[in-house]
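Proteins come first, then strands; the chains are lettered A, B, ... in the order of their sequence lines, and each starts at number 1.
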Number of protein chains: 2
Amino acid sequence: MTTQEERDLPYDVFSRACPSRGTLEHVTGRWGALTLGALYEGRFRFNELRRRVDGVSEKMLSQTLHALERDGLVHREAQPTNPPRVDYELTPLGREVAGRLIALIEYLEGSMDQVLAARERYDGRVA
Amino acid sequence: MTTQEERDLPYDVFSRACPSRGTLEHVTGRWGALTLGALYEGRFRFNELRRRVDGVSEKMLSQTLHALERDGLVHREAQPTNPPRVDYELTPLGREVAGRLIALIEYLEGSMDQVLAARERYDGRVA
DNA sequence: CGGCATCCTCAGTGATACTG
DNA sequence: CAGTATCACTGAGGATGCCG
């Protein structure tokens, strides 16, 4: 078995100081994951995204998009028209990352029956 | 292209009310992701885990493990000895989930050069 | 429409102490 | 060793208002 110590990668997310941990949090964070998931479907304007990611506030979506853009996962394209039009889409890198995230999300969605059953068992034992 | 509306799954994480969103947050949350990642390597005792997940507090690790156990992703095995000995390991379901998470993490770790470069470009444009 | 600035709150988090 | 309990604090995040 490969232990963590043996991995010895340049960017080890298990280390507190590694920048990869920050990026992982942008990607997997509450709104990051959902935003990437939504963008995996295509290219969207700000308010379209906002509607797709149910519950996200304007501020958090804006903040999330900035973080992802800075990390090179999302491309922002603004047209200086009036009214302004801004489109967001994944970069090739973002697409790779989002793809893996989607695999996780879809597996989880498909396993919710198991999860819910486990919860009932757990709560039954504790209660 | 498959739009979100067309998916129409029983558990849609994009919906605010869906329980899958809660589980996704347990899995991808700050400590959840790292804990699952660590447990993917094998079976560990509480304090062993604590050392592997750099920076996690006792309280947060405990809380994280409880949430993952409740969701049926982690199995907890306590021996009523003295001193007490408790081992944690992934369930089969947890192993599937963690595997997909690992794929994401490792891709991200391997792409950090790109990410860091993107950040410099971004910061350069803004500054 | 697509934001940014501000204020405010409370839930997530860490530190500390204690227990079986 | 493997936690639980308590407290204090920070910052994530929501609400509101304004602007190009």
Just how far, in rounded Å, is [atom2] of [N] from [atom1] of [X]?
X      : N       : atom1 : atom2 : result
L65(B) : dC1(D)  : CG    : C1'   : 15 Å
R51(B) : dC1(D)  : CZ    : P     : 7 Å
E58(A) : dT16(D) : CD    : P     : 12 Å
W31(A) : dG14(D) : CH2   : C1'   : 10 Å
D87(B) : dG3(D)  : CG    : C1'   : 15 Å
N47(A) : dC4(C)  : CG    : P     : 13 Å
E69(B) : dA2(D)  : CD    : P     : 15 Å
L61(A) : dC4(C)  : CG    : C1'   : 14 Å

Atom [atom1] in [X], atom [atom2] in [Y]: separation rounded to 0.5 Å?
X      : Y       : atom1 : atom2 : result
L34(A) : E25(B)  : CG    : CD    : 7.5 Å
L93(B) : L108(A) : CG    : CG    : 8.0 Å
E77(B) : D87(B)  : CD    : CG    : 6.5 Å

Q. So what does R50(B) touch, heavy atoms closer than 4.0 Å: a base, only the sugar-phosphate, or nothing?
A.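 The answer is nothing, as R50(B) stays clear of every strand by at least 4.0 Å.
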Q: Using a heavy-atom cut-off of under 4.0 Å over every strand shown, decide if Q63(A) touches base, sugar-phosphate, or nothing.
A: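 Since no nucleic acid heavy atom lies under 4.0 Å of Q63(A), the category is nothing.
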Q) Are D123(B) and R70(A) within salt-bridge range, i.e. N to O under 4.0 Å? A) yes
Under 4.0 angstrom between [X] side-chain N/O and [N] OP1 or OP2:
X      : N       : value
S57(B) : dA15(C) : no
R45(A) : dG2(C)  : yes
H66(A) : dG3(C)  : no
R85(A) : dG2(C)  : no
R76(A) : dG3(C)  : yes
S62(B) : dA2(D)  : no

Q. Which nucleotide sits closest to the side chain of Y88(A): dG3(C), dG3(D), dG13(D)?
A. dG3(C)
Q. Among dC1(D), dC1(C), dG14(C), which is the nearest nucleotide to the side chain of R30(B)?
A. dG14(C)
Q: Specify whether Y88(B) and F46(B) have parallel, tilted or perpendicular ring planes, treating 30° as the upper limit for parallel and 60° as the lower limit for perpendicular.
A: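 Judged by the thresholds at 30° and 60°, the geometry between Y88(B) and F46(B) is tilted.
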Q: Find which nucleotide of DNA chain D each of P84(A) and K59(A) is nearest to by heavy atoms, and output the residue with the more 5' nucleotide.
A: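 Its nucleotide being nearer the 5' end, the pick is K59(A).
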